[in-house]
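Numbering of ligands and ligand atoms starts at 1, following listing order. As the structure is a prediction and not an experimental result, all values here were calculated from the model.
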Amino acid sequence: MIIEKKPEIGKLVTFIPNKHTPVHNWFYYKEGFSRDFVELIIKHLNLGKDSWVLDPFCGVGTTQLTCKEIGVNAVGIDIAELPVFVSRVKTADYDVNVLKEISQKIFSEKFKRQDLSGLSSFIKKAFPRHVLEDVLFFRSIVEKIEDKVANGFFKLGLISAAIKASYIVKDGGVLKIIKDRNTPPFRKFYKNRIKRMIKDLENFKTLSPKIITLKADSRNLDFLSDNMFDAVITSPPYLNKIEYTKVYRVENELFFENTEPMLRSYIGDRVKEESDFRYEGLPAIAKAYFEDLRKVLLEIYRVLKEGGVGVFVIAQGVFPTGVVESEKIFSEIATEIGFQTEKMWLVNRRVATRDRVVKIGYAEEYVIFIRK
Ligand SMILES: C[S@@+](CC[C@H](N)C(=O)[O-])C[C@H]1O[C@@H](n2cnc3c(N)ncnc32)[C@H](O)[C@@H]1O
């Protein structure tokens, strides 16, 4: 097995390049990777219009949307409601004239005072009062848009605009409320955002492969047939890193009914008692994480075609006791299931710290290629 150093890909496995990419940037998802990474892998694997790609941890749909641009069929799966919603909105087909008509109507509605009594104190603290009233007012209007596709479009614009106009600052895995932040005038801001999103659609070129996004738990993919996919392109949740549900608390509370249970992450949420030689000496959280990844890999093995390739972005985990070499454990598990680890690209190397200041080594990030 070959390990190649590819620092030039380091940035591409982050969401940062998407910030300036139309449609991909409709919702900022810190955990995401970039469209350019997905494009690079699609080309590297020579995938074409008859190929099927699976992303079992699809987040906000970077894989599906890039596949739509390039003309490759794709299925994306995520367990959480918010990213599934964002994926669907970004990959939907729109009639721009319908959106323009609805936009005109929405922004000519006269403001009606909103009842804030049902909101949590957290939400009330997260916004200037007049902004919160405006957000709720537009939420009530958007809820009434009958065209389901258009409804999602205006809802996503509203979610992003609301966060921008709030006191919320997302700092790593925590939400901070910064009251002296300058917040933009909400109505104007939301209107401009919708205008820009419509313009994005006018300039955004896509083809028409089949694109599907499902809300499900990838530890069990029994709704997918055997030998269906040519490739998997994905980045599983990082070991011991981001607290997904906390960071998106405002979005979930204000815009979705079924908020997810407050778990650390959906992979590794149950710590297993049984010991396993591979996991010896690992923190309990890491054991549970790899046990769950194993379940997902078993499913991926089943749904991949013979000769199909899985491409995974995997970072080492940082614990007070030291750095866990996730890529090695991942590759061992994959080999045991029947995959062959073909190569790894070392794409990032960051200083790993304990208590934010004490250096305990380096944490590396890899792109791992495994073949069935
Ligand atoms: C690192 S993010 C992937 C981001 C994605 N590459 C993108 O560009 O948006 C990992 C995702 O896995 C999802 N997830 C966690 N556990 C899951 C599970 N058991 N099944 C499906 N998705 C899961 C999380 O909700 C999160 O969106």
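- Checking Asn18 against Ser34 by side-chain atom types alone, no donor-acceptor pair falls below 3.5 Å.
- The shortest N or O to N or O distance between Glu31 and ligand 1 is not under 3.5 Å.
- Between Ser218 and ligand 1, at least one pair of N/O atoms sits closer than 3.5 Å.
- Each of the following atoms of ligand 1 lies closer than 4.0 Å to a heavy atom of Cys58: 5 (C), 7 (C), 9 (O).
- Under the rule for a side chain to side chain donor-acceptor pair (under 3.5 Å), the partners of Arg196 that lie at least two apart in sequence or sit in another chain are Asn25.
- Every atom of ligand 1 is numbered from 1 in the order shown, and the set under 4.0 Å from a heavy atom of Pro236 is 1 (C).
- For the residue pair Glu364 / Tyr362, no side-chain donor-acceptor distance below 3.5 Å is found, with atom types taken as modelled.
- Relative to atom 24 (C) of ligand 1, the option among Thr234, Ile79, Asp78, Val86 with the closest non-hydrogen atom is Asp78.
- Remark: ligand 1 atoms within the under-4.0 Å shell around heavy atoms of Thr62 are 7 (C), 8 (O), 9 (O).
- Using a 30° and 60° split on the angle between ring planes, Phe339 and Tyr301 fall in the perpendicular class, above 60°.
- Ring pair Phe312/Phe330 is tilted by interplanar angle, where 30° to 60° counts as tilted.
- Which parts of ligand 1 touch Ser235 is read off a 4.0 Å heavy-atom cut-off, strictly below it: atoms 1 (C), 2 (S), 3 (C), 6 (N), 10 (C).
- In this structure, Ser34 has no heavy atom closer than 4.0 Å to ligand 1.
- Residue Ala216 has at least one heavy-atom neighbour below 4.0 Å for each of these atoms of ligand 1: 20 (N), 21 (C).
- Atoms of ligand 1 found under 4.0 Å from any heavy atom of Pro56 (numbered from 1 in listed order, with element): 21 (C), 22 (N).
- Ser331 and Thr341 form a side-chain donor-acceptor contact under 3.5 Å, judged by distance and modelled atom types alone.
- Applying the 4.0 Å criterion to heavy atoms of Asp217 picks out, from ligand 1, the atoms 18 (C), 19 (N), 20 (N).
- Under the 4.0 Å criterion applied to side-chain N and carboxylate O atoms, Glu202 and Lys100 are assigned as salt-bridge partners.
- Here Lys305 pairs with Asp230 under the side chain to side chain donor-acceptor pair (under 3.5 Å) rule; sequence neighbours left out.
- Looking at Phe33 next to ligand 1, an N or O pair under 3.5 Å apart turns up.
- Using a 4.0 Å cut-off between charged nitrogen and carboxylate oxygen, Glu133 and Arg129 count as a salt-bridge pair.
- Counting heavy atoms closer than 4.0 Å to ligand 1, residue Tyr29 contributes side-chain atoms (C-beta onward) but none from N, CA, C or O.
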